[in-house]
Amino acid sequence: MSFSESSNRAHVIAQALPYMQRYDDRRVVVKYGGNAMGDDSLSRAFARDITLLRQSGVHPVVVHGGGPQIGSMLDRLNIKSEFKGGLRVTDQATVEVVEMVLAGSINKGIVASINREGGRAVGLCGKDGDMVTARKLHRKHRDPDSKIEEVLDLGFVGEPEAVNAKVLELILERDLIPVVAPVAPGRDGATYNINADTFAGAIAGSLNAKRLLFLTDVPGVLDKDGKLIKQLTRAGARALIEDGTISGGMIPKVETCLEALEQGVEGVVIVDGKVAHAVLLELFTDHGAGTLIVP
């Protein structure tokens, strides 16, 4: 490496110092999923980002999804899926596969990736340390023809009812990196599959996180001209939902962001996970890598 290249690297690191100081000893929750999870190059970049955050004094917590991998395993096991209102019904056989894939192969794969980059990650799910208690999720669906609204029974699909962050606190105090799968028990003793975005929001709220980052397959929230909106307030986000600028699958993601803010998270970012080192770009540079939503 030439002196010029070394000098440029030193300059980049020096520019990051104010941002490192901003997040020093603070908690940052990162929801990891989408294309960033399936691409080997992006996966390694993510693992390096998380390791660097911990080395820089930040306390990262990773919450991950795994929908495509679950679907692949169900196909391999010849378990047929039922859908209601466009949503997958999770029966007993399916939830067993969900737990095996999320809390097993995916979780341990992410842990191993971070550890290979020099981090010290540990794998968990909502069952560990009585971390998350779930309740059955009830979804309403309006038939487009009859206009009749019905409550859908999606089986073992849940949402967080309570979060006990004690086990996460203990792990973070030991300078370890928790990697958490969104599976949790209900008070009825059943195991529930929880949407990873919702799960990450509940975890971030319980930890009073400085930031919650959602790694997605889109650049962030776009305006009606398709241009990225760099920052929004809660009121601004609600207005964009009402006027239709925020629509489709982005609505539940933004609503999860707003719920996390209400639970005490200082800021939530929808980040383009297809960009290498998106986490570092968002936290340690002026440019960011998505849409920041603040109170």
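Because the structure is a prediction, the values reported are computed rather than measured.
A salt bridge does not link Arg211 with Glu282: every distance from a Lys NZ or Arg NE/NH1/NH2 to an Asp or Glu carboxylate oxygen is 4.0 Å or more. Electrostatic pairing of Lys136 and Asp153 counts as a salt bridge here, judged by a charged N lying under 4.0 Å from a carboxylate O. Under 4.0 Å is where a charged nitrogen must lie from a carboxylate oxygen, and between Asp272 and Lys274 at least one such pair does. Ion pairing between a basic and an acidic side chain is recognised when a charged N comes within 4.0 Å of a carboxylate O; Lys127 and Glu99 show such pairing.
If you check the side chains of Arg116 and Ser113, you find a donor sitting under 3.5 Å from an acceptor. For the residue pair Glu259 and Gln263, no side-chain donor N or O sits within less than 3.5 Å of a side-chain acceptor on the partner. Side-chain contact annotation: Ser72 with Asp75, donor-acceptor N/O pair under 3.5 Å absent.
Distance CG/Leu52 to NE2/His277: 9.5 Å, rounded to 0.5 Å. Remark: Leu228 CG to Thr291 OG1 distance equals 4.5 Å, nearest 0.5 Å. For the atom pair CD1 (Ile270) and CG (Leu292), the distance works out to 10.0 Å, reported to the nearest 0.5 Å. Here the NZ atom belonging to Lys210 is positioned 14.0 Å from the NE2 atom belonging to His59, to the nearest 0.5 angstrom. Interatomic distance, Ser105 OG to Ile110 CD1, rounded to the nearest 0.5 Å: 9.5 Å.
Between Ala103 and Cys125, the shortest heavy-atom distance links the atoms CB-CB, 4.1 Å. Residues Ala200 and Val29 share a closest heavy-atom pair of O-CG1, 4.0 Å. Ala165 approaches Ser206 most closely through the heavy-atom pair CB-OG, 3.7 Å. Between Ala181 and Leu102, the closest heavy-atom pair is CB-O, 3.6 Å.
Annotation for Asp40: atom CG does not count as buried by contact number, only 12 or fewer foreign heavy atoms lying within 6.0 Å. Atom CZ of Arg54 sits in a crowded spot, with more than 12 heavy atoms from other residues, nucleotides or ligands closer than 6.0 Å. Heavy-atom contacts from other residues, nucleotides or ligands closer than 6.0 Å to NZ of Lys166 number 12 or fewer.
Relative to the ring axis of Phe214, Lys253 places its NZ or CZ within 45° and under 6.0 Å from the centre.
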Ser43/Tyr32 under side-chain hydrogen bond (donor to acceptor under 3.5 Å, both in side chains): CA gap, chis, key distance, verdict: CA-CA 10 Å; Ser43 295; Tyr32 180 45; 3.2 Å; yes

side-chain hydrogen bond (donor to acceptor under 3.5 Å, both in side chains) between Asp91 and Thr94, worked out: CA-CA 5 Å; Asp91 59 15; Thr94 300; 2.7 Å; yes

